[in-house]
Amino acid sequence: MENLLTEAEAGHHREVLSSVGATWAADSRTWERDERLPEEVVAWCSAEGLLGAMIPREYGGLGWSAVELGLLYEALGRVSASLASLVNVHGMVAQTLVRWGSGRQREELLPELAAGRKVAAVSMTERQAGSDLSRIETTLTGQGSGHVLDGTKLYTTFGQRADLYLVYARAAGGPVWCLLDRTSPGLTISPVTGLLGLRAAQVARVDMRGCPIEPDAVVGKPGFAQSILLPHTLEHGRYAVAWMAVGMLSSALASCSAAVLERRAFGHALVEYGQIQNIVTAMGVDLEAARALCVQASRALAAGDPTSTRRVLMAKYFACQALERHAAQAVQAMGARGALEDEGASRIYRDAKVLNIIEGTPQLLERLLTPQIAREAAGPSWDDGLPGTGSHGRKG
């Protein structure tokens with residue numbers, strides 16, 4: 001990692017690794033058993049400014065760069081994917097408001113989010129709308145001051161704890177993002193338990209029955225949500241998840257390596273066997289590749305590079321699949337020890353599957369990436385004629 005970073009960035013990375021690891025590394029297994037993040041952890045994130053890391057200083061945030069923010073997610077991922085998810089979903093809302101919020105929304109809400117006085121969550125997924133959000137059924141109806149929100153959202157990360165929800169809904173002018181306060185009449189929050197992974201992420205079902213919404217609670221222009229706001233919100237989530245996966249893969253490699261160096265079988269250390277060497281080598285190489293892709297995406301975001309969206313997609317696509325594949329191999333190499341609930345490898349194994357689904361499955365990311373990769377690889381003689389991109393065929 002160090003060779004990919006400037007001296008200042010490397011110092012920042014060491015600081016956040018030390019701070020997060022020293023404070024919470026021993027506690028994550030308890031969070032998983034209890035299926036919740038203790039309030040003291042949320043308070044610590046607020047006090048350390050982590051909930052405002054992505055918010056500009058003018059609104060009370062830390063104003064960290066894309067690289068600094070990515071390194072934070074990597075450090076949080078090493079300790080707990082649930083902990084990293086708290087900062088991620090909060091950051092998705094904050095970044096959306098920074099970029100597209102009204103003057104009032106930014107002035108009133110961003111200082112609250114930066115200080116952690118309000119914790120935010122994103123409510124998108126429904127029973128029939130996951131990757132395909134065009135199928136959402138939640139509606140925002142009414143005129144003037146009589147807007148109401150009706151619908152049910154499933155799997156809202158930190159929905160049990162959030163004070164503010166960014167809700168994706170259908171409206172007369174097209175899909176919208178709107179802000180819903182936890183105290184709203186007609187709002188019911190129900191815990192979702194027994195998940196495969198992210199067990200401490202306090203996932204919730206959000207039921208809205210006639211929840212009153214002020215017109216100025218809509219974010220951005222009507223009809224902009226699907227084509228402009230949603231991709232921006234998801235890009236932050238995908239970027240964070242890619243870096244989280246790097247941190248988790250680093251932890252999996254560390255646990256696996258310690259085990260195979262220590263354990264002996266048939267008179268030899270496990271690390272001397274070819275099959276184990278294959279596992280460790282592939283894991284280490286893919287970790288370096290995932291880090292490089294994430295740093296590359298960070299540099300593109302910081303520079304406003306037009307390729308940044310593609311680079312974020314590629315980082316998420318590679319890092320999360322590498323994590324899922326190698327987390328399984330780490331448990332395999334560690335044997336019964338790897339399957340123990342209190343061992344980090346088993347938690348990473350469960351969380352890895354979830355990370356490979358949230359913010360875009362590999363299959364969805366392939367749909368997004370293939371036209372870009374194919375056109376670039378084929379060269380300038382090809383137009384945008386891949387399925388779903390408009391015209392067809394070669395330029396004449």
In this structure, would [X] and [Y] fall into the same cluster of hydrophobic residues linked by side-chain contacts under 4.5 Å?
X	Y	value
Leu261	Tyr273	yes
Leu293	Val295	no
Val98	Val312	yes
Tyr59	Met92	yes

Mark yes or no for whether [X], through its side chain, and [Y], through its backbone, hold a donor-acceptor pair below 3.5 Å.
X	Y	answer
Lys153	Met124	yes
Arg205	Leu154	no
His90	Leu113	yes
Gln202	Leu37	yes
Lys316	Gly360	yes
Ser257	Ala254	no
Tyr239	Ala66	yes
Thr361	Ile357	no
Arg106	Gly101	yes
Ser19	Glu15	no

[X] bridged to [Y] by N-O distance under 4.0 Å:
X	Y	answer
Glu112	Arg117	yes
Arg209	Asp150	no
Arg29	Asp27	no
Glu262	Arg337	yes
Glu9	Arg299	yes

Taking side chain as C-beta onward, heavy atoms only, is [X] less than 4.5 Å from [Y]?
X	Y	answer
Glu107	Ser102	no
Leu368	Tyr317	no
Thr156	Val203	no
Ser184	Pro212	yes
Val206	Ile189	yes
Asp181	Asp163	no
Leu355	Met244	yes
Arg350	Leu198	no

Under 3.5 Å, is there a donor-acceptor pair between the [X] and [Y] side chains?
X	Y	result
Glu126	Thr138	yes
Tyr168	Thr233	no
His13	Glu68	no

Worksheet, complete the sentence: Heavy-atom closest pair (Ala53 atom, Leu62 atom, distance to 0.1 Å) is CA-CB, 3.8 Å
Response to the item:
Glu74 and Ser250 have their tightest heavy-atom pair at OE2-CB, 4.4 Å
What's the separation between atom [atom1] in [X] and atom [atom2] in [Y], rounded to the nearest 0.5 Å?
X	Y	atom1	atom2	value
Leu86	Leu51	CG	CG	5.5 Å
Leu149	Ile213	CG	CD1	5.0 Å
Asp216	Cys178	CG	SG	11.5 Å
Leu313	Arg311	CG	CZ	12.0 Å
Met334	Ser346	CE	OG	8.5 Å
Ser308	Leu301	OG	CG	5.0 Å

Kindly check if the number of other-residue, nucleotide or ligand heavy atoms within 6.0 Å of [atom1] ([X]) is above 12?
X	atom1	answer
Arg367	CZ	no
Tyr349	OH	no
Glu39	CD	yes

Practice prompt. Take Asp351 and Arg199, measure what salt bridge (charged side-chain N to carboxylate O under 4.0 Å, His left out) needs, and give me the verdict at the end.
Written response: CA-CA 8 Å; Asp351 288 342; Arg199 291 181 178 175; over 6 Å; no
Item to complete: Evaluate the ring planes of His12 and Trp64, with Trp represented by its six-membered ring, and classify them as parallel (under 30°), tilted (30 to 60°) or perpendicular (over 60°).
Response: perpendicular
Item to complete: List the steps and the verdict of salt bridge (charged side-chain N to carboxylate O under 4.0 Å, His left out) for Arg99 and Glu235.
Response: CA-CA 13 Å; Arg99 182 74 181 273; Glu235 182 167 270; over 6 Å; no
Discussion item. Assess the residue pair Lys353 and Glu324 against the criterion (salt bridge (charged side-chain N to carboxylate O under 4.0 Å, His left out)); give the C-alpha distance rounded to whole Å, side-chain angles, the decisive distance to 0.1 Å, and a yes or no.
Written reply: CA-CA 6 Å; Lys353 178 46 121 181; Glu324 183 179 347; 2.8 Å; yes
